[in-house]
Visitor: 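Take this structure first; my questions come after.
Counting convention: from 1, in listed order, for ligands and their atoms alike. Hydrogens, waters and symmetry mates play no part in the numbers below; they use all other heavy atoms, side chains included. If you're wondering where the values come from, they're calculated on a predicted model, not measured in any experiment. When a residue number appears, it is its place in the shown sequence, counting from 1.
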Amino acid sequence: MNEKVFWFVIGSQTLYGDDVLRTVADRAAEMAEKMSKSLPYPLIYKVTSKSNSEIREIVRQANFDTSCLGIVTWCHTFSPSKMWLDGLRDLQKPWCHLATQYNREIPNEEIDMDFMNLNQAAHGDREHGFMGARLRKPRKIIAGYWQDEDVLRRLAKWQRVCVGVETSRNMKVMRFGDNMREVAVTEGDKVEAQIKLGWQVNTWAVGDLVKEMDKVTEAEIDSLCAGYAAQYDIATDNIRAIRYQAREEIAMKRMMDREGCRAFSNTFQDLYGMEQLPGLASQHLMSQGYGYGGEGDWKVSAMTAIMKSMGQDGNGASAFMEDYTYHLVPGSEYSLGAHMLEVCPSLAAGKPRIETHHLGIGMNEKDPARLVFEGKAGAGVVASLIDMGGRLRLICQDIEAVKPIMPMPNLPVARVMWRALPDLATGVECWITAGGAHHTVLSYDVDAEMLRDWARIMDIEFVHIGADTTPEKLEDELLVKDLIWKLK
Ligand code: MN
């Protein structure tokens, strides 16, 4: 894993003299160090920029440095923005404008014109903001006192968004076979996805995977199965099925790692030479941060890996999900999500069980082993990336997940139950209006603000369905957006 850091770049000018500039630099270094203690990734003070050439140079370095995931700018003093123009225009890394100031309070007795000249973020950040607006440059603007919990929390979230940007720009997806026949929403323009999102999406033959599976040794399978036994409860006597999944996992991981892929897709319609659809294998790979999409859905697969990388320790509670069926009892209305096998255990409320059951769909000769569990309760989102023809649209809906309201003892797969906002019926109407897929990424630790910021940086359309959305308002919004995105 590359080191991931953020650069703190301060705006000023030479007019104030060396003493002021030294104070600015000292304070910026102190702030970066203190803020870093509350952030998931370090913020490193780099420079107090005073000229066009200094700013161009720091941007050039930021663009080139693979460990720099974004820059945070702030104007302690006034910093005339024409000197920022060339640098900001050329900036290729995500940008956050932190509008803050060193002191929390205006010191009643102490304040004089020297104090005003040194502490004029309110002045400097407006000039800085104008240039961002004038350049139409995507930027995150966070205003408030730099030690406040809320400011640090939002800065932390923005850092995670930048990790998602980096993951996206380096994304390679390994497809085993093509999409499920006749399905529309899992299709998409892979060239457009590479242009906008940086994804390299390519296909490998299932036969190549089978050859790789044949090379896996019994000792390697023993070792992975010991790992399964340590993490999960084994609730089946069919050890052979578990060992077969281990063989599949080792082979898929080996092929992906060889090619630098962080996500994969397969389809139950193309398992030629395999006796089980990977279930436990895909689930355990997802738990390690790999993205997965069923039925050849490479878009949801890449999004799963990206949203996982935006979570805790770069591998959060985000997972490939599918809307299956509704509970439509008044006052107790829920969606039940699952998949035929492949739900990531990062969503699990307890210790998952390994079970084997018959799987009627597809070409399975043997009963595939899979992890079965209940999803956690809590606030989250579901997200779906669709191809509108000429552009990509990311749809995000706020949800409230609950402990499943019934045990469903005969359901042989992992399950998550939630209520979409604003309510189930309105939420479904909005989702269908926007064209959202049945496949989503369900996440407990990526929220709508983060996905909006991510979409803005990637320059794709973003649609949010939340507590205040109505189908009428959404329809109008989509009409306007359709026009805008056709003009862009
Ligand atoms: Mn599916």
Side-chain angles (χ1 to χ4, degrees), residues 173-188 193 201 203 206 245 248 252 263-271 274 276-287 290-308 318-326 334-347 357-364 367-373 375 380-387 394-397 399 401 408 411-418 420 428 431-432 434-443:
V173 184
M174 180 166 280
R175 309 184 69 218
F176 297 109
D178 206 310
N179 297 52
M180 178 183 167
R181 287 187 282 276
E182 302 292 350
V183 178
V185 79
T186 57
E187 296 284 357
V201 184
T203 305
V206 176
Q245 291 284 330
E248 290 178 326
M252 289 192 289
F264 67 107
S265 67
N266 57 17
T267 167
F268 63 87
Q269 286 176 331
D270 188 357
L271 298 175
M274 298 166 75
Q276 298 175 22
L277 178 66
L280 170 60
S282 296
Q283 291 172 295
H284 195 245
L285 281 169
M286 279 188 271
S287 76
Y290 293 92
Y292 172 76
E295 292 90 64
D297 192 341
W298 51 271
K299 297 199 300 301
V300 81
S301 176
M303 282 309 300
T304 303
I306 289 164
M307 288 171 66
K308 277 178 171 296
S318 298
F320 168 59
M321 184 51 60
E322 180 167 278
D323 288 81
Y324 252 99
T325 195
Y326 300 127
Y334 296 104
S335 290
L336 178 66
H339 206 257
M340 61 178 81
L341 299 174
E342 313 90 342
V343 181
C344 175
S346 67
L347 306 187
H357 300 277
H358 177 65
L359 179 62
I361 199 163
M363 314 166 26
N364 297 276
D367 298 352
R370 81 288 305 272
L371 294 170
V372 180
F373 55 85
V381 297
V382 286
S384 167
L385 182 73
I386 59 169
D387 189 327
L394 182 64
I395 305 158
C396 167
Q397 182 160 38
I399 63 164
M408 299 174 278
L411 185 66
V413 289
R415 71 292 304 268
V416 183
M417 199 171 253
W418 68 86
V428 168
W431 188 263
I432 289 172
H438 53 279
H439 283 169
T440 59
V441 184
L442 187 148
S443 179

Visitor: Could you tell me whether the side chain of Arg175 and the main chain of Val173 form a donor-acceptor pair under 3.5 Å?
Guide: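 Side chain of Arg175 to backbone of Val173, a donor-acceptor pair under 3.5 Å: no, none is there.
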
Visitor: Pair Val416, Tyr324 - check side chain to side chain contact (heavy atoms under 4.5 Å, CB included), show working.
Guide: CA-CA 10 Å; Val416 183; Tyr324 252 99; over 6 Å; no

Visitor: Rounded to the nearest 0.5 Å, how far does CD of Glu322 lie from CD of Glu342?
Guide: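 Going from CD on Glu342 over to CD on Glu322, the span is 9.0 Å.
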
Visitor: Centroid-to-centroid, Tyr334 to Tyr326, below 6.0 Å?
Guide: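 Ring centroids of Tyr334 and Tyr326 are no less than 6.0 Å from each other.
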
Visitor: Kindly indicate, with the supporting measurements, whether the criterion side chain to side chain contact (heavy atoms under 4.5 Å, CB included) is fulfilled by Ser384 and Trp431.
Guide: CA-CA 10 Å; Ser384 167; Trp431 188 263; 3.5 Å; yes

Visitor: Tell me how many protein N, O or S atoms are closer than 2.8 Å to the Mn ion (ligand 1).
Guide: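 Counting protein N, O and S atoms closer than 2.8 Å to the Mn ion (ligand 1) gives 4.
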
Visitor: If you round to the nearest 0.5 Å, how far is OG1 of Thr203 from CZ of Phe176?
Guide: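 Spacing of CZ (Phe176) from OG1 (Thr203) equals 10.5 Å.
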
